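For reference, the structure discussed in these notes is given below.
The structure displayed is predicted, hence computed values, not measured ones. Just so it is clear: chains get the letters A, B, ... in the order the sequence lines come, proteins before strands, and each one is counted from 1.
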Protein chains: 2
Amino acid sequence: MTDHSTGLQIRSLIRPEGVLELSLVSVETPAPGPDEVVVRVEAAPLNPSDMGLLFGGADMTTAKAGGTPDKPVVTAQLPPAALRAMAARVGQSLPVGNEGAGVVVDAGTSPAAQELLGKTVAVLGGAMYSQYRTLKVGQCLLLPPGTTPEQGASCFVNPLTALGMTETMRREGHTALVHTAAASNLGQMLQKLCIEDGIPLVNIVRSQQQAGILRSIGATYVCDTSSPTFMDDLVEAVAATGATLAFDAIGGGRLAGQILVAMEIAANRNSTGYSRYGSTVHKQVYIYGSLDPGPTEFTRAFGTSWGIGGWLLTPFLQKAGPEAAQAMRERVALEITTTFASSYTKVVSLREALDLEEIAIYQTRATGTKYLINPNKGSGGS
Amino acid sequence: MTDHSTGLQIRSLIRPEGVLELSLVSVETPAPGPDEVVVRVEAAPLNPSDMGLLFGGADMTTAKAGGTPDKPVVTAQLPPAALRAMAARVGQSLPVGNEGAGVVVDAGTSPAAQELLGKTVAVLGGAMYSQYRTLKVGQCLLLPPGTTPEQGASCFVNPLTALGMTETMRREGHTALVHTAAASNLGQMLQKLCIEDGIPLVNIVRSQQQAGILRSIGATYVCDTSSPTFMDDLVEAVAATGATLAFDAIGGGRLAGQILVAMEIAANRNSTGYSRYGSTVHKQVYIYGSLDPGPTEFTRAFGTSWGIGGWLLTPFLQKAGPEAAQAMRERVALEITTTFASSYTKVVSLREALDLEEIAIYQTRATGTKYLINPNKGSGGS
């Protein structure tokens with residue numbers, strides 16, 4: 001077993017003058033309490049939400065490399081608006097990395113902790129871009145035997161988001177879904193989940209290549225915003241599925257409103273007579289991402305029974321309650337190599353994650369470009 | 001008693017070629033069934049929602065007068081987009097007028113119907129721009145003795161909307177309100193109701209003159225969009241009241257988003273530490289009108305706990321249930337000359353309501369310009 005008393009960790013700091021500074025620091029690993037374990041982190045994905053915290057709104061085209069080869073430092077400028085938005089975190093050196101997986105290399109005295117020793121676990125623990133993390137037993141999701149840390153790295157954010165979408169659909173009385181940016185890792189996962197659970201899903205993508213990705217995993221309804229027949233295609237797909245709930249990862253622009261218009265047209269097809277207030281069917285779009293950070297714009301051509309709102313996993317899980325959340329986590333663990341499998345284009349070390357060339361690639365968030373950090377890559381850990 | 005076997009009624013028709021036609025038709029008054037009464041309508045307001053049905057999106061600057069002095073006909077052109085939106089009503093001659101009040105001049109055989117004979121009642125009956133209406137007893141709200149039809153004309157749309165707003169606030173867990181276009185008849189009513197019920201209310205208006213109207217009836221928080229300090233004023237008022245729910249009559253433009261931004265800034269004032277997802281307080285704007293029919297635009301600078309949606313009285317009352325709705329109606333009847341009093345700038349007959357000069361005034365929906373139709377004006381009815 002390697003020495004795990006200290007380990008490296010990625011930090012993100014915004015200086016008052018509007019400079020982002022990314023660095024590696026060496027931190028001590030707290031000794032585990034009775035009900036705690038030490039996890040050697042071997043896989044942690046770079047999710048869009050992680051990049052929000054990592055880059056803090058900085059303009060990464062201004063990024064400069066500094067520091068030493070062992071302890072690289074990256075600096076970049078924040079536009080004034082971004083600096084204002086980040087006021088509450090200025091001056092704090094923040095660890096990053098929502099989720100990841102690794103091997104339990106030390107354990108407290110309790111039987112529950114001891115039982116995890118040597119096992120591979122997934123964790124939604126924060127600060128996962130670290131070599132070692134001391135965590136409560138209750139934070140660890142035990143993976144089925146034979147599951148690798150890479151396979152288990154993304155057990156929470158995307159799988160629970162996909163399950164949160166179908167569960168929100170059921171709880172709010174809808175029976176089918178629309179999803180945008182649908183060729184993403186999450187989008188493919190949602191499509192697999194919907195096939196398994198028999199939920200009609202309308203996928204919105206922006207190219208024929210992305211449409212092909214979804215069709216290859218069994219998607220029935222794929223609408224391409226780059227097609228001249230997009231709105232007609234969307235109306236037909238929404239009418240065929242009866243979808244009245246959409247999850248939108250894009251946020252900016254006119255797409256959220258277009259989805260509501262398509263839902264209204266589909267709803268009115270089956271109605272008889274004129275209602276000056278539009279269809280009485282409630283049509284809802286939840287914006288859960290911000291791939292387009294620009295303003296959201298819509299014409300209110302969809303009656304009065306509609307809503308647009310924010311959606312975030314954590315408040316959803318709190319509303320769902322601990323039992324429902326635990327059931328979702330257990331399903332994810334069972335299906336982590338099938339329904340909820342993720343794929344990555346590259347595995348990088350902590351140092352490589354701060355390499356300007358790598359940043360230039362992974363920060364684009366382009367479909368099919370997803371990085372995984374292995375904080376113990378090359379350290380002989382596993 | 002005058003002959004009420006037939007009476008005049010305003011009709012709105014959209015022809016397939018995109019022409020709106022307003023006219024007066026003579027209709028028979030159905031004889032009342034056992035549980036019905038005949039109401040001689042003496043007061044019916046021209047609410048914004050009535051004008052939506054009356055004008056059907058036609059461009060009233062193109063209006064032309066025709067017909068005869070006794071049976072005037074007004075025609076106007078619909079822009080192509082409006083014609084598409086009105087497809088479902090093309091070719092149907094529709095009566096207009098959501099609400100009104102009058103005197104019961106005939107009654108069916110049941111005791112409940114007989115008891116209303118000679119009484120003044122308010123009705124949400126549709127087709128109220130008619131001289132006579134045969135209605136179910138259950139549709140009639142008996143007004144307190146001494147209440148005139150003019151005083152009782154607006155018992156439903158504005159009073160129940162104001163009560164629906166405060167009731168929605170309670171049901172959804174908010175404790176204060178923001179209201180736009182707040183100097184309107186409805187806005188003044190809402191301010192009086194909030195004072196009586198002890199609900200903090202932030203009024204948004206667009207001139208100092210409108211601010212003065214609200215202050216004169218006791219408003220504490222009035223923010224004027226024409227002031228250079230508007231956003232600062234709004235943040236302060238929202239922070240002082242703790243308002244996290246707004247009702248917006250304007251719809252188009254950036255105001256709905258500005259309200260959410262103000263709520264987010266106010267919510268973050270009391271929070272400690274940085275949350276990358278913004279405040280966890282749910283912030284909601286309901287759009288219930290469309291004074292600005294243009295697109296709605298917002299930058300999502302208010303975290304993830306927010307919603308923008310449509311709000312309409314009828315679905316709200318259905319959700320609230322018959323008992324709650326009846327309690328609201330009874331409160332309105334009791335306070336119709338105080339909290340829920342409306343005022344009008346002019347009383348017109350059915351013929352005068354189709355006069356081009358009158359239309360040019362009342363269709364602007366400007367604050368302080370509200371018309372009342374007395375379908376029996378000059379007919380010696382009362």
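Top candidate by heavy-atom pairs under 4.5 Å with chain A, chosen from B/Thr304, B/Val90, B/Thr314, B/Thr296, is B/Thr296. In terms of heavy-atom pairs under 4.5 angstrom with chain B, the leader among A/Arg254, A/Arg300, A/Glu297 is A/Arg300. For the set A/Pro315, A/Gly257, A/Gly252, the entry with the most heavy-atom pairs within less than 4.5 Å of chain B is A/Gly252. Of the listed residues (B/Pro295, B/Gly303, B/Gly307), the one with the most heavy-atom contacts under 4.5 Å to chain A is B/Pro295.
A donor-acceptor pair shorter than 3.5 Å cannot be found between the side chains of B/Asn268 and B/Ser279.
Within the 4.5 angstrom heavy-atom criterion, only side-chain atoms of B/Ile287, from C-beta onward, approach chain A. In this structure, the portions of B/Trp306 lying under 4.5 Å from any heavy atom of chain A include both its backbone and its side chain.
Summarising the geometry of B/Ala82 relative to B/Gly57, their closest heavy-atom pair is CB-O, 3.5 Å, with the distance given to 0.1 Å. Minimum interatomic distance between A/Glu17 and A/Leu83 (heavy atoms only, all atoms of both residues): C-CD2, 4.5 Å.
Taking the ring centroids of A/His179 and A/Tyr288, they lie under the 6.0 Å cut-off.
Under a 3.5 Å cut-off, the side chain of A/Asn98 and the backbone N or O of A/Gly125 do not form any donor-acceptor pair.
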